[in-house]
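What follows is a single structure, written as C-alpha cells, with notes after it.
Both backbone and side-chain heavy atoms feed into the values below; hydrogens, waters and symmetry mates do not. Chain naming here is simple, since letters A, B, ... match the order of the sequence lines and numbering starts at 1 in each.
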2 protein chains.
Amino acid sequence: MTTDCLNCPLRQRPVFEPMKGNELDFMRKFKTGELEINAGTTLMLEGTNSPQLYTALKGMGLRYKTLKSGERQVINFVLPGDFIGLQAGVMQEMQHSVEATTDMKLCVFDRKNLWRLFRDCPERAYDLTWLAAVEEHLLGENLAILGHMNGLRRIASAFVRLHDRGAALGLAHNGRMPLPYKQQDLADALGLSLVHTNKTLRHLRKGGAVRWMNGQLEVLDYDLLCGIAGLDPGRRAILRPLI
Amino acid sequence: MTTDCLNCPLRQRPVFEPMKGNELDFMRKFKTGELEINAGTTLMLEGTNSPQLYTALKGMGLRYKTLKSGERQVINFVLPGDFIGLQAGVMQEMQHSVEATTDMKLCVFDRKNLWRLFRDCPERAYDLTWLAAVEEHLLGENLAILGHMNGLRRIASAFVRLHDRGAALGLAHNGRMPLPYKQQDLADALGLSLVHTNKTLRHLRKGGAVRWMNGQLEVLDYDLLCGIAGLDPGRRAILRPLI
DNA sequence: AACACGCATTAAGATATGACATAGCAGAGG
DNA sequence: CCTCTGCTATGTCATATCTTAATGCGTGTT
C-alpha cells in the first residue's frame, strides 16, 4: 500500500515546512501513486516530456545534461524531498535528464493535474515556485564554484553542501552518510577530469578533512573542510516546502 | 505618465506569449508604477529583501554574486522582459545582487501583492513558475559551459546566446546589437581572467567571427561563431511569458 | 579457473589559463 | 595642457588541469 501523505515520514523532518490542512487534503488527491525504480534507471530524459512528476522519497539520483560532444554535466544531486520534473510540467520538455544512482522510491503526480494545483491550491503553487527559486539559487552557487574555485575547493564545497543536505534529512550521523556516486559523477558535476578528481580526493583524505569510499562519505573535520571550501561553518539549512 | 500594460510595447514582441483579458486586467492592478534608474545603480542587494519586484522594460543590467574573496560571479545578463526579484518575493532574501549597466526603465510591482497574484490569478502564477523554470534551464546551460568549455568556446557561446536574446527582443539588426558591458563583466560571467578574456576576444576578432567594441556587438559570421561555440545555428527562441 | 568488466589509482607529457608587469588610450576635470 | 582614472591591450612565465595510457583490484560470468 502506498503511504498516505498524512503520515509521510519525510515531511516530519524539521527541514520541511509544516503543511496546512487544505494543502494536505489537496496533496492526498494530487498524489497518484508511488514508483520504485532500480539503480541505473533513467527517470526523465532530456528533450522529452514526461506525463508524470515526482518527489523523491528514498534513494539518490542525478540530474544531468548530455552535451553534443558526448560529455556530461551533472547539474545537481537528487536527494529525498527533491521535486523532479518541474520543467516538464511548465515548459514543453525537460532540459536535463534524471537518473537513479541507487534504488529509489518516488511519489508520483500527474502532469495533467498541475494546472489544477495552480487553480485550486495557490498555497501549493506558491511552494512550487519557492522550490524553483531555491533551485535557481543553488545553481547560482554552483556557477560561482565552477567559475572561481580550483579543484580542491570545488570538491570540498561539494562535500560540505552534500553533507549539510544529508544532515538536514537525517541521513548523516557523526559526519558519516551514504553518498552512492562514482568519482566520475563528482567530476562531471564539478567540471573536473576524473584523474584530477581522484588525485584531489586523495589529497583531502591525506589531509584528514574528509574520506569518501565505497559510497560512504565521512567528514572527519568539518571545520577544516569548510575552511578549504571557503564556506562559513555556521550556515543553517533553510526551511523549505515539500511537494 | 506610466505606460498602461494594455499598450506595453514590449509585450507586442512575438517572443512573448499573448495575454488573456483577465490576466491583463490583473497586471494593470498589479503594476504599481515605473522606475527609472541610472547606469551603475544597484537595484537589488544580495542578502537583503526588496519590497519591490520589477520587470525590465528598457536598458540592460547584471545579476551577480559577490564571493567572500571579493571576486564576483556574474550569474546572468539582464535584458528587457526579464523579471527581477523572484527570490526576494518567495524566499526571505535575494541570493544575488542586480545592477544596472545602462540607464534602465523598469515596471514596478509590490512584493506584498505577490500572494494575491497566486490567489487571484493562477494563470499569472503559472507564468511566474514558468519563468523560474526557464531561469533554471539557462543556469544549467551556463553550468555546462563553465564545466566543459575552454575560454574561446565560452565566449563564443555567450555571444551567440546574447545575440539570440537580443534578436528576439528586436535589439539586433544585421548581427549588430548594443552590448553595454565591460570585458571584466564578461570575464566574471564566464569564470575567466580579464586578461585571458581580452586575448580571446582578439582571437575571435582576428578570426572574423565576432567583434565587440564600444558596447556594440557585431556578429560577423553567425555560423562560424556557432561552430566555435558548439551550438546548433538552427535553435529557435522559446515563446515565453512576460510579467 | 579463466576471463571480461567496471572502477579506482598512478604516471608522464601537453596545454589552457592565471598572475604579474607594463603600456596605450580615451574621457573627466582642473 | 596636464593629470588622473578606468578600461583595453600585450608579453612572459608559472602552474593547475587535462589527456592519454597503463595498472591493479574486486565482482560477476562462462
query = With a 4.0 Å cut-off, would you call B/Arg236 and B/Asp164 a salt bridge?
reply =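 So B/Arg236 does not pair with B/Asp164 through a salt bridge.
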
message = Strictly below 4.0 Å, N to O, side chains only: are B/Asp188 and B/Lys65 in salt-bridge contact?
response =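 The answer is no: the pair does not qualify as a salt bridge.
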
Spacing between [X] atom [atom1] and [N] atom [atom2], to the nearest angstrom:
X	N	atom1	atom2	value
B/Asn214	D/dC7	CG	P	14 Å
B/His148	D/dC18	NE2	P	10 Å
B/Arg211	D/dA9	CZ	P	12 Å
B/Leu152	C/dT15	CG	P	16 Å
A/Asn150	C/dA19	CG	P	10 Å
A/Leu201	C/dT10	CG	P	11 Å
B/Ile155	D/dT8	CD1	P	12 Å
B/His203	C/dA16	NE2	P	11 Å

request  = Find out whether the Lys NZ or Arg CZ of A/Arg11 is both under 6.0 angstrom from the six-membered ring centre of A/Phe16 and within 45° of the ring's axis.
outcome  =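 Pair A/Arg11/A/Phe16 does not count as cation-pi.
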
ask   = Counting N and O atoms only, with roles assigned by atom type, does the side chain of A/Asn198 sit under 3.5 Å from a partner on the main chain of A/Leu201, one being a donor and the other an acceptor?
value =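 No; zero donor-acceptor contacts below 3.5 Å.
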
request  = Specify the residues of residues 182-199 of chain B, ordered by number, for which at least one heavy atom lies under 4.0 angstrom from an atom of DNA chain C.
outcome  =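 Listed by number, they are B/Gly191, B/Leu192, B/Ser193, B/Val195, B/His196.
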
request  = Between A/Met213 and B/Gly151, just flag the one whose closest nucleotide in DNA chain C comes earlier from the 5' side.
outcome  =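 Whichever sits nearer the 5' end wins; that is A/Met213.
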
query = Does the side chain of A/Cys226 reach to within under 4.5 Å of the side chain of A/Arg235, using non-hydrogen atoms?
reply =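 Yes, close enough: below the 4.5 Å cut-off.
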
request  = Quick one: closest heavy-atom pair of A/His96 and A/Ile75, and the distance?
outcome  =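 Minimum heavy-atom separation between A/His96 and A/Ile75: CB-CG1, 4.4 Å.
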
query = Can you name the nearest heavy-atom pair linking A/Met177 to A/His163, along with the distance?
reply =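 Between these two residues, the closest heavy atoms are SD-CA, 3.6 Å.
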
Counting just side-chain N and O atoms, does [X] come under 4.0 Å of either OP1 or OP2 of [N]?
X	N	result
A/Arg154	D/dT17	no
B/Arg202	D/dT8	no
B/Arg205	D/dT8	no

